[in-house]
Number of protein chains: 2
Amino acid sequence: MADDAVVERFRAFLRERSLPVTSQRLTIAGLLLNAPGHLSAEDVAALVRDTGHAAGLATVYRTIDLLVESGLVVERDFGEGFRRFEPARDVPRHEHLLCSVCGAVEEFRDDRIDEITRNIAAARGFSRERHRLVIHGVCRACQRKAPAIDRRLS
Amino acid sequence: MADDAVVERFRAFLRERSLPVTSQRLTIAGLLLNAPGHLSAEDVAALVRDTGHAAGLATVYRTIDLLVESGLVVERDFGEGFRRFEPARDVPRHEHLLCSVCGAVEEFRDDRIDEITRNIAAARGFSRERHRLVIHGVCRACQRKAPAIDRRLS
DNA sequence: ATAAATGCAAAGGGTTTGCAAAGGC
DNA sequence: GCCTTTGCAAACCCTTTGCATTTAT
């Protein structure tokens, strides 16, 4: 995993910038770039530890910054009080559903959103850079568990 | 302003809960509920000071919590690292445009967004609570100033 | 050898909380 | 008078930064 295609692209990015290719950077990149997505910085740090590697939290943050600058990772803010990061591979214009019970994130894509936001922005004389749409709710799995809890509480 | 209709509703909310009606609470409610919208907690605290009143920042936060619980104020998170609050009066389902230069917030409404998110959630077995759509870009006013800056930088 | 990255701990911004003093009911 | 709020400062969470040490080039 430390030498797969997407990590190679990060390595190339570092070389272009004449930045040292350190083992921490490769470890973090290898894990985050191949993760299923939507990890917090702490999640990444935990992954590093769990795979038997070592990297301080500050280094995780600093490496994530580089991955974002390289365009290989994108930053997400779901209003949870912390940021999440996902590999750019998945990015081509998708939106998110966030489960308010378990924090799970699902993705969806709908071209109408893009078109609508484009039109709205144009009508307001707004130069649109991007948009963020998040649907908050309860995922299927948590709904199955929820009724029992509701009964207990009421 | 301290005794307008919407502040009366807050007063009623406090009474229902048997909570003391303090001058700080009325001041904060009167200012926030009648504000043009999208204020941070610090904005509210500054408003309090600027109108010759006094209330500690902690009290501002605590009172905002009550206003949110009462449903008279809604909380917004535009990913700026802090939260904003707006009177619920404006809320009937609107979305936001956020200027990434000056931080100005504009609102718009589009019923298709609601319908689309409803359908997406249903298709995923997601019980939808709400959604948040923010268009990030540069507002008309900032675009007028930007070209000069661009030239200066390049 | 040089310049940069690392790790740790301290600082930072927004927000919350503990506790003595003040105030509504 | 009892119970809650208030104000202040300390604590808190996530993130960034300063600095001595280690590492890539």
Side-chain angles (χ1 to χ4, degrees), chain A residues 2-3 7 10-32 38-49 53-70 73-85 103, chain B residues 2-3 7 10-32 38-49 53-70 73-85 103:
Chain A
D3 49 28
V7 173
F10 184 51
R11 205 191 276 269
F13 169 83
L14 292 173
R15 286 223 195 80
E16 280 166 29
R17 300 246 209 155
S18 309
L19 296 175
V21 176
T22 64
S23 65
Q24 288 90 335
R25 284 179 174 166
L26 292 179
T27 298
I28 293 164
L31 292 169
L32 178 49
H38 313 108
L39 279 63
S40 67
E42 289 285 358
D43 291 339
V44 176
L47 253 182
V48 171
R49 279 192 300 276
H53 299 85
L57 189 52
T59 299
V60 170
Y61 275 105
R62 288 185 280 227
T63 303
I64 290 175
D65 283 347
L66 289 172
L67 285 162
V68 171
E69 281 172 43
S70 75
V73 162
V74 301
E75 180 185 324
R76 302 291 187 190
D77 189 326
F78 295 121
E80 301 165 290
F82 58 88
R83 291 171 297 161
R84 293 180 184 238
F85 304 91
Chain B
D3 49 30
V7 173
F10 184 51
R11 206 191 275 268
F13 169 84
L14 292 173
R15 286 220 197 80
E16 280 167 28
R17 299 245 208 154
S18 309
L19 296 176
V21 177
T22 64
S23 65
Q24 289 90 335
R25 284 178 174 166
L26 293 180
T27 299
I28 293 165
L31 292 169
L32 179 48
H38 313 109
L39 279 62
S40 67
E42 289 286 357
D43 290 340
V44 176
L47 252 182
V48 171
R49 280 193 300 277
H53 300 85
L57 188 52
T59 299
V60 170
Y61 275 105
R62 288 185 280 227
T63 302
I64 289 175
D65 284 347
L66 289 172
L67 286 161
V68 170
E69 281 173 42
S70 76
V73 162
V74 300
E75 181 184 327
R76 302 292 187 189
D77 190 324
F78 296 124
E80 301 165 290
F82 57 89
R83 292 171 295 162
R84 295 181 185 237
F85 304 91

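For clarity, every value in this text was computed on a predicted model and none was experimentally measured. Within every chain, numbering begins at 1; the chains are lettered A, B, ... in the order of the sequence lines, protein sequences first and strands thereafter.
Separating the CG atom of L26(A) from the P atom of dA24(D) is a distance of 10 Å, rounded to the nearest angstrom. Whole-Å rounding puts the L66(A) CG to dT16(D) C1' distance at 14 Å. Rounded to an integer number of Å, the gap from CG of D43(A) to P of dT15(D) is 10 Å. Between the P atom of dG23(C) and the CG atom of L19(B) lies a distance of 19 Å, rounded to the nearest Å. Between the CD atom of Q24(B) and the C1' atom of dG7(D) there is a distance of 9 Å, given to the nearest Å. Distance, E16(B) CD to dC25(C) P: 15 Å, rounded to whole Å. Between R25(B) atom CZ and dT4(D) atom P there is a gap of 11 Å when expressed in whole angstrom units. Across the protein-nucleic acid pair, I64(B) atom CD1 and dT5(D) atom P stand 16 Å apart, rounded to whole Å.
Positionally, the nearest nucleotide of DNA chain C for S18(A) lies more toward the 5' end than for the other of A54(A) and S18(A). Judged by closest nucleotide on DNA chain C, S23(A) is the one of P20(B) and S23(A) placed further toward the 5' end.
The shortest non-hydrogen separation linking S40(A) to F85(A) is C-CD1, 4.5 Å. Here the closest heavy-atom approach between residue A45(B) and residue L57(B) is recorded as CB-CD1, 4.0 Å.
Here the CD1-CG distance, from I28(A) to L66(A), works out to 9.5 Å after rounding to the nearest 0.5 Å. Here the straight-line distance linking atom CG of L31(A) with atom CG of L26(A) works out to 10.5 Å at 0.5 Å rounding. How far CD1 of I64(A) is from CD of E75(A): 9.5 Å, rounded to the nearest 0.5 Å. Here the straight-line distance linking atom CZ of R84(B) with atom CZ of R76(B) works out to 11.5 Å at 0.5 Å rounding.
An OP1 or OP2 oxygen of dG7(D) is reached within less than 4.0 angstrom by a side-chain nitrogen or oxygen of T59(B).
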So which protein N/O to nucleotides 15-17 of chain C N/O distances come out below 3.5 Å?
unit_1, atom_1, unit_2, atom_2, d
dT15(C), OP1, R83(B), N, 2.8
dT15(C), OP1, R83(B), NE, 3.4
dT15(C), OP2, Y61(B), OH, 2.4
dT15(C), O5', Y61(B), OH, 3.0
dT15(C), O3', R83(B), NH2, 3.2
dT16(C), OP2, R83(B), NH2, 3.3

Donor-acceptor pairs under 3.5 Å, side chain of residues 12-24 of chain A to any protein atom, not counting sequence neighbours: which ones?
unit_1, atom_1, unit_2, atom_2, d
R17(A), NH1, E69(A), OE1, 3.3
R17(A), NH2, E69(A), OE1, 2.8
T22(A), OG1, R25(A), N, 3.2

